[in-house]
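Taking it in order: structure first as structure tokens, then the write-up.
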Amino acid sequence: MDKVRYKVREVLDKNKIDAFLQQARIGHLGMVDGHLPYVVPLNFVWTNGVLYFHGATGGRRNQVMEENPEVCFTVCDEYGTITNPVPAKTDTAYMSVMVFGKAQPIFDLDEATHMLQEMINKYVPGYYNRPLSQQHVDKYRSAIFGGPVQVYRIDPQHITAKENPIALGEMFNIEKIPHT
């Protein structure tokens, strides 16, 4: 698990990883459902070196994590295609981070309120004119399932990151292709 295939692409700068996870909007939560993989896309927040997400309590995701809390949360951002005169050397500019750990439900109202406020600050900054109240969080219900919403935390046991940065002047641009 510690090996990075492209050592040259490995990112070890913790500040760069933190900044990437703070701005990324969608991640994919990988779980083990019995002997089968199960992956779901999620909104999330990364704050103080911890990853948080939430969702309705009754779903398959929560059942899977209850039976096996070991998870991998993957975030990737693709920046475009890097061109090269040699087709086999055409590549993708990207950054990706994988966070390994155990997903644990959060029952502490202060922590859940903090996380949901961070989620609002990230996805709809400035939209609400006052902070979330603990009373609102305590009664928060899923709009889809009608049941209570459960907050989860992943304390990272291991993080890997890779990037292939944008190569200025080599990025594919469809407008530069001559039309016949």
Do M95 and M171 share a hydrophobic cluster (ILVMFWY, side-chain heavy atoms under 4.5 Å, transitive)? yes
Run E70 and V32 through side chain to side chain contact (heavy atoms under 4.5 Å, CB included) and show every step you take. CA-CA 8 Å; E70 294 287 340; V32 179; over 6 Å; no
Test your reading of the model: is there a side-chain donor-acceptor pair from Q104 to the backbone of I154, 3.5 Å cut-off? no
Interatomic distance, CG@L132 vs CD@Q117, rounded to 0.5 Å, equals 4.5 Å
So, taking the atom named NZ in K122 and the one named OG1 in T47, what distance separates them when rounded to the nearest 0.5 Å? 10.5 Å
Applying the 4.5 Å side-chain criterion to the ILVMFWY set and letting contacts propagate, would I120 and L51 be lumped into a single cluster? yes
Student check: side-chain heavy atoms of R61 and Q150 closer than 4.5 Å: no
Indicate yes or no: at least one non-hydrogen side-chain atom of V40 is less than 4.5 angstrom from one of M31. yes
Taking the side chain as every heavy atom from C-beta outward, state whether V75 and F44 have any atom pair closer than 4.5 Å. yes
From N121 atom CG to Y127 atom OH, the distance as rounded to the nearest 0.5 Å: 15.0 Å
Determine, step by step, whether N164 and T92 satisfy the side chain to side chain contact (heavy atoms under 4.5 Å, CB included) criterion, reporting the C-alpha distance in whole Å, the side-chain angles of both residues, the deciding distance to 0.1 Å, and the verdict. CA-CA 7 Å; N164 192 20; T92 301; 5.7 Å; no
Using atom types as modelled, flag every donor-acceptor pair under 3.5 Å from a side chain in residues 77-89 to any protein atom, sequence neighbours excluded.
from : atom 1 : to   : atom 2 : distance (Å)
E78  : OE2    : G80  : N      : 3.0
T83  : OG1    : E170 : O      : 2.7
N84  : OD1    : V86  : N      : 2.8

Atom CD of E66 with >12 non-hydrogen neighbours under 6.0 angstrom: no
What residues form a side chain to side chain contact (heavy atoms under 4.5 Å, CB included) with V50, not counting sequence neighbours? Y52, R153, D155
With rounding to the nearest 0.5 angstrom, report the CG to CD distance, D33 to E67. 7.5 Å
If hydrophobic clusters are built from ILVMFWY residues whose side chains come within less than 4.5 Å, do Y152 and F107 share one? no
Kindly compute the distance separating CD1 (I106) from CZ (F53), expressed to the nearest 0.5 Å. 9.5 Å
Atom NZ of K102 with >12 non-hydrogen neighbours under 6.0 angstrom: no
Quick one: side chains of residues 18-25, donor-acceptor pairs under 3.5 Å with protein atoms, not counting sequence neighbours, listed by atom name and distance.
from : atom 1 : to  : atom 2 : distance (Å)
D18  : OD1    : W46 : NE1    : 3.0
D18  : OD2    : K14 : NZ     : 3.0
Q23  : NE2    : F20 : O      : 3.2

Cluster check L42, V39: I/L/V/M/F/W/Y, side chain < 4.5 angstrom: no
Which atom pair, heavy atoms only, marks the closest approach of P156 to G49? CD-O, 3.3 Å
Decide, yes or no, whether a salt bridge links R9 with E163 under the criterion of side-chain N to carboxylate O below 4.0 Å. no
Which distance, rounded to the nearest 0.5 Å, do you find between the NE2 of H54 and the CE of M119? 5.0 Å
Is the backbone N or O of L29 less than 3.5 Å from a side-chain atom of Y38, with the two atoms forming a donor-acceptor pair by type? no
Count the heavy atoms belonging to other residues, nucleotides or ligands that lie under 6.0 Å from CG of N173, then report whether that count exceeds 12. yes
Looking only at heavy atoms, what is the nearest atom pair of A112 and V151, with distance? CB-CG2, 4.0 Å
Quick one: do V97 and I166 end up in the same hydrophobic cluster if we chain Ile, Leu, Val, Met, Phe, Trp and Tyr together by side-chain heavy atoms under 4.5 Å apart? yes
